[in-house]
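Reviewing the structure listed below.
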There are 2 protein chains.
Amino acid sequence: MPTSTTVRPSNDARSDEHEALRVWLRLLTCTNLVEAQLRTRLRTNFDSTLPRFDLMAQLDRHPEGLKMSELSRLLMVTGGNVTGLTDKLADEGLVERRDDPRDRRSFTVMLTPAGQRQFDRMAREHGQWVVGLLAGLDHAEKQRMLKLLDRLKAHLSTISD
Amino acid sequence: MPTSTTVRPSNDARSDEHEALRVWLRLLTCTNLVEAQLRTRLRTNFDSTLPRFDLMAQLDRHPEGLKMSELSRLLMVTGGNVTGLTDKLADEGLVERRDDPRDRRSFTVMLTPAGQRQFDRMAREHGQWVVGLLAGLDHAEKQRMLKLLDRLKAHLSTISD
DNA sequence: CAAAAATACTTTACTCATGAATTAATTCGA
DNA sequence: TCGAATTAATTCATGAGTAAAGTATTTTTG
């Protein structure tokens, strides 16, 4: 008793599962390969890491500064993690914790001038790396991929938890 | 001096970069969302983790057992990591290191009967989770996605390093 | 065949992530 | 307004992950 409403012949649960697993595995593999490349290059070219780059990127996008809690939300990581990353970046003089005069519990985190300079250099390279890594897809394919990923993301957002 | 060979109007480096970054960000977001769901469910339903599941899945796929180095290659993680995961799974009696009679440097790692039983239960649920998480795409869309990811993976493989 | 190179795995030190508990400051409500 | 609840950030314990150095064994080669 097939439940399919299409003409596709074999639409049982097992083949659905197999198909979904194949897509998921490819997705994971591609993401990991790209991420590994970016990590390696950030390390060898700038002696930095992806989490640091991401944190600095958020600060670059918000020149007025961000609170720790805002960084946590934007980076989708826990507060304890942001504390650790910020500590190290501050030690290296790349970011600065500035007291918030309105609320003595919180800080405003900003890039220092040195941090801004370093980020600018990294961002320039990073963008070109991503172009190169995704060069396996032409313009039309990238657009198709974007559309599919948007649909997937929309579905996933309904699940959250 | 445009380098484009197509009729697409704005084909400068900046828009290429922007497009590539958009695709990469979506790819990363979707992967992270799926991964987070799988992690959470593995933890709450089986008190286990994704790395453990992945390791056991490889052993399930290779009932004759695998060497540590083969696990490292298949899981795409370092040897030290495999040592740690295997140690803990062995402590819990889910996998077993068996001496290789041909080479005293190496082991054959296998699922124990208890490990096999636990994996079977996890795999059944895991498959259904993935089906549900990817249900945002219909059959045709999954096929399109698979094709695009295959092209991307092929390109990435030429880069490796 | 002995020395050198390669291989298989472990160990160590470090980064990054989480969740739970803690501290301090602010806000809210009876 | 005072006590309770909330919020902002940190600390601590734990789990993966890496890279690099270490140990033991096997293989290669001169």
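Note on naming: letters A, B, ... go to the chains in the order of the sequence lines (proteins, then strands), and numbering restarts at 1 for each one.
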Atom [atom1] of [X] and atom [atom2] of [N]: how far apart are they, to the nearest Å?
| X | N | atom1 | atom2 | value |
| --- | --- | --- | --- | --- |
| B:Leu28 | C:dA17 | CG | P | 11 Å |
| B:Leu85 | C:dT10 | CG | P | 12 Å |
| A:Leu89 | C:dT15 | CG | P | 12 Å |
| B:Leu42 | D:dA16 | CG | P | 11 Å |
| B:Lys88 | D:dG17 | NZ | C1' | 11 Å |
| A:Arg102 | D:dT7 | CZ | P | 19 Å |
| A:Arg98 | D:dA9 | CZ | P | 15 Å |
| A:Asp87 | C:dC14 | CG | C1' | 16 Å |

| task | Remember a base hit wins even if backbone is also touched, and classify B:Arg52 as base, sugar-phosphate or nothing at under 4.0 Å, heavy atoms. | result | sugar-phosphate

| request: Report which part of the nucleic acid B:Leu50 touches: base, sugar-phosphate, or nothing (heavy-atom distance under 4.0 Å, all strands). | output: nothing

| Would you call A:Arg121-A:Glu125 a salt bridge at under 4.0 Å N-O? | no

| 5'-most by nearest nucleotide on DNA chain D - A:Arg97 or B:Asp103 | A:Arg97

| remark: Of A:Arg43 and A:Ser106, the one whose nearest nucleotide on DNA chain D sits closer to the 5' end is A:Ser106

Between [Y] and [X], do the side chains contain a donor N or O and an acceptor N or O under 3.5 Å apart?
| X | Y | result |
| --- | --- | --- |
| A:Asp60 | A:Gln116 | yes |
| B:Arg41 | B:Gln37 | yes |
| A:Asp54 | A:Gln58 | no |

Does OP1 or OP2 of [N] have a side-chain N or O of [X] closer than 4.0 Å?
| X | N | value |
| --- | --- | --- |
| A:Thr49 | C:dC16 | yes |
| A:Asn81 | C:dT18 | yes |
| B:Arg104 | D:dT26 | yes |
| B:Thr78 | D:dT18 | yes |

| Side chain A:Ser72, main chain A:Val77, donor-acceptor under 3.5 Å | yes

| task | Go through residues 53-77 of chain B and report each residue with a non-hydrogen atom lying under 4.0 Å from DNA chain C, sorted by number. | result | B:Lys67, B:Met68, B:Ser69

| field | Minimum heavy-atom distance between B:Leu152 and A:Leu137, given as atom pair plus value | value | N-CD2, 4.1 Å

| request: Confirm from the modelled atom types if A:Arg105 and D:dT7 form a donor-acceptor pair under 3.5 Å, side chain to base only. | output: yes

| Listed once per pair and sorted, the side-chain hydrogen bond (donor to acceptor under 3.5 Å, both in side chains) pairs that draw on residues 91-109 of chain B, sequence neighbours left out | B:Arg52-B:Glu92, B:Asp87-B:Arg97, B:Glu96-B:Arg98, B:Asp100-B:Ser106, B:Asp103-B:Arg105

| task | Between D:dT10, D:dG17, C:dT11, spot the one nearest the side chain of B:Pro51, thanks. | result | D:dG17

| Derivation of the side chain to side chain contact (heavy atoms under 4.5 Å, CB included) call for B:Glu17 and B:Leu21 | CA-CA 6 Å; B:Glu17 181 173 320; B:Leu21 282 169; 3.8 Å; yes

